[in-house]
Amino acid sequence: QLTAAIAFIGDIDTLIGAVLGPEAERTGVEVQMLSADEIAQMRHPESNATPLSFVVRNYGDETSEIDIFYAPDTQLSTVEIISVDGATGAPITDDPFKVQPLAGHFVNAMSPLHYGTYGGIWLKFLYFALGLSLSVITALGCMMWIERRKHGNEGNKSEAFYNRMGNFITGVIMGLPVAAISIFYLDKLYVGAESARLAATGSVYLGVWVLGLAYAFVRRNDYSTTRELLMLTGGLAMGIPVLNGIATGDWFISHLNAEHSVAAWVDLGMLICGATTVAAGYLSPADRKTKRRSNTKIAADPEAAAIPAE
């Protein structure tokens with residue numbers, strides 16, 4: 001829906017047509033369609049996997065097609081799609097997904113690369129650390145750039161201009177991790193209709209991000225803003241396993257040695273990464289450090305030295 005909103009002005013049907021190809025023109029000749037139970041039994045010809053989902057096009061017409069989605073045989077892929085005739089179940093030989101161009105493989109790999117689902121639990125920890133580190137390093141780098149112009153001789157704008165620029169950049173960068181963590185809370189606390197979940201997710205994400213930006217302007221101290229939003233990010237990360245335990249009744253400690261323990265290790269990782277983030281924020285400077293000149297007395301011209309009293 002987000003892609004449709006951006007690229008196709010909210011037209012989801014046009015988006016589906018652009019991805020799956022245009023639908024064939026209906027001929028008006030009715031046929032008996034395959035049932036959902038029959039489609040569910042159509043295993044992948046190579047991996048023998050069962051369908052994850054399917055999409056029916058031109059239902060009831062002799063031009064009907066069914067796009068069946070299977071789990072991919074590689075971790076760097078989202079799905080594998082096989083198109084079959086809607087009445088007979090025979091594979092459609094001119095399926096464009098059979099021979100994907102290089103760009104198609106990249107598009108199909110975007111989701112695993114984005115969510116880090118192709119490398120196990122340790123890759124998720126690495127994603128968390130690298131993502132948060134990138135935000136902090138970017139914020140600190142922008143602050144250094146502004147400091148050199150505000151307190152050095154490189155800037156040609158007023159101090160108020162650089163102050164507002166610093167507030168804006170810090171709020172945008174450090175508000176981003178807080179907004180990302182807030183989505184986890186929305187997932188557990190959301191009580192609306194499922195059809196509106198995606199819109200609610202986007203609204204909460206952007207809303208929290210804007211609040212982080214507003215906080216930076218109210219705080220008017222880039223160092224303190226970075227420090228406090230970093231600790232807030234860590235605190236929210238530590239709260240995710242607690243919220244998960246309260247919402248589901250399953251506490252991660254009892255599942256660390258279970259057969260399906262990935263979720264439990266994710267919760268433990270959130271606690272560790274969150275605590276590390278809080279500690280990093282606590283140790284960060286709350287204000288600009290200024291170097292003071294030493295109090296060493298420099299001797300003047302020897303000829304001007306004081307003459308001892310006789």
Side-chain angles (χ1 to χ4, degrees), residues 1-2 5-6 114-116 124-147 149-150 157 159-192 196-244 266-267 269-289:
Q1 291 181 357
L2 181 60
I6 296 174
H114 179 74
Y115 293 105
K124 295 182 182 293
F125 295 158
L126 181 62
Y127 266 43
F128 182 91
L130 291 178
L132 190 60
S133 299
L134 180 61
S135 294
V136 175
I137 291 173
T138 304
L140 294 178
C142 292
M143 289 164 60
M144 292 173 61
W145 184 88
I146 292 173
E147 289 287 327
R149 282 153 180 76
K150 187 167 65 173
K157 303 289 184 180
E159 182 176 348
F161 173 83
Y162 289 116
N163 285 338
R164 300 291 81 78
M165 177 184 288
N167 298 154
F168 177 80
I169 293 175
T170 303
V172 167
I173 296 174
M174 295 311 301
L176 184 59
V178 180
I181 292 289
S182 68
I183 296 178
F184 290 88
Y185 286 82
L186 174 69
D187 182 65
K188 294 298 181 184
L189 300 176
Y190 181 73
V191 294
R197 178 182 285 271
L198 183 61
T201 300
S203 299
V204 169
Y205 182 86
L206 293 176
V208 173
W209 199 359
V210 170
L211 285 176
L213 177 60
Y215 180 77
F217 277 96
V218 173
R219 194 69 175 84
R220 296 196 174 190
N221 185 321
D222 297 338
Y223 291 88
S224 294
T225 300
T226 301
R227 181 174 184 266
E228 291 158 6
L229 291 183
L230 191 60
M231 288 193 292
L232 176 60
T233 300
L236 290 174
M238 293 177 66
I240 289 175
V242 177
L243 177 63
N244 188 42
V266 170
D267 283 349
M270 281 293 183
L271 280 175
I272 296 174
C273 294
T276 304
T277 304
V278 170
Y282 180 78
L283 296 174
S284 300
D287 210 337
R288 180 174 183 268
K289 301 294 183 181

Handout entry: K150 side chain near W145 side chain, heavy-atom distance below 4.5 Å
Key = no
Atom pairs and distances, side-chain donor-acceptor, residues 180-188, under 3.5 Å, sequence neighbours left out:
| residue | atom | partner | partner atom | Å |
| --- | --- | --- | --- | --- |
| S182 | OG | A179 | O | 2.5 |
| Y185 | OH | L236 | O | 2.6 |
| D187 | OD1 | R197 | NH1 | 3.4 |
| K188 | NZ | N244 | OD1 | 3.1 |

Practice task
Would you check if N221 and N167 make a side-chain contact, meaning some heavy-atom pair closer than 4.5 Å?
Solution key: no
Practice task
Give, for atom CD1 of I173 and atom CE of M143, the distance between the pair rounded to the nearest 0.5 Å.
Solution key: 10.0 Å
Problem - Student check: side-chain heavy atoms of L229 and L232 closer than 4.5 Å - result: yes
Completion exercise
Applying side chain to side chain donor-acceptor pair (under 3.5 Å) to R219 and not counting sequence neighbours gives E228
Exercise for the section: For I146 and G166, work out which heavy atoms get closest and say how close. Expected result: CD1-CA, 3.3 Å
Problem - Reported CE-to-OG1 distance for the pair M165 and T170, which is rounded to 0.5 angstrom - result: 11.5 Å
Handout entry: Min side-chain heavy-atom separation L134-L130 under 4.5 Å
Key = no
Exercise for the section: Go through the steps to decide whether V242 and D267 satisfy the test side-chain contact (heavy atoms from CB on, under 4.5 Å), and finish with yes or no. Expected result: CA-CA 9 Å; V242 177; D267 283 349; over 6 Å; no
Handout entry: salt bridge (Lys or Arg N to Asp or Glu O under 4.0 Å) against R149, all qualifying residues, sequence neighbours excluded
Key = E154
Handout entry: Residues in side chain to side chain donor-acceptor pair (under 3.5 Å) contact with R220, at least two apart in sequence or another chain
Key = none
Handout entry: side-chain contact (heavy atoms from CB on, under 4.5 Å) partner of M174, the single match among L230, D222, I169
Key = L230
Which donor-acceptor pairs under 3.5 Å do side chains of residues 271-286 form with protein atoms, sequence neighbours excluded?
| residue | atom | partner | partner atom | Å |
| --- | --- | --- | --- | --- |
| T276 | OG1 | I272 | O | 2.9 |
| T277 | OG1 | C273 | O | 2.7 |
| S284 | OG | A280 | O | 2.7 |

Handout entry: Distance-minimising heavy-atom pair for A129 and S133
Key = O-OG, 2.6 Å
Completion exercise
Applied to residues 166-178, the salt bridge (Lys or Arg N to Asp or Glu O under 4.0 Å) test, sequence neighbours excluded, yields none
Exercise for the section: Drop me the distance from L243's CG to M238's CE, to the nearest 0.5 angstrom. Expected result: 14.0 Å
Practice task
Write out all pairs satisfying ring pair (Phe, Tyr, Trp, His ring centres under 6.0 Å) with one or both partners inside residues 205-237, taking only residues at least two apart or from two chains.
Solution key: Y205-W209
Problem - Y162, OH: over 12 other non-hydrogen atoms inside 6.0 angstrom - result: yes
Problem - Test salt bridge (Lys or Arg N to Asp or Glu O under 4.0 Å) applied to E147 - qualifying residues, sequence neighbours left out - result: R288
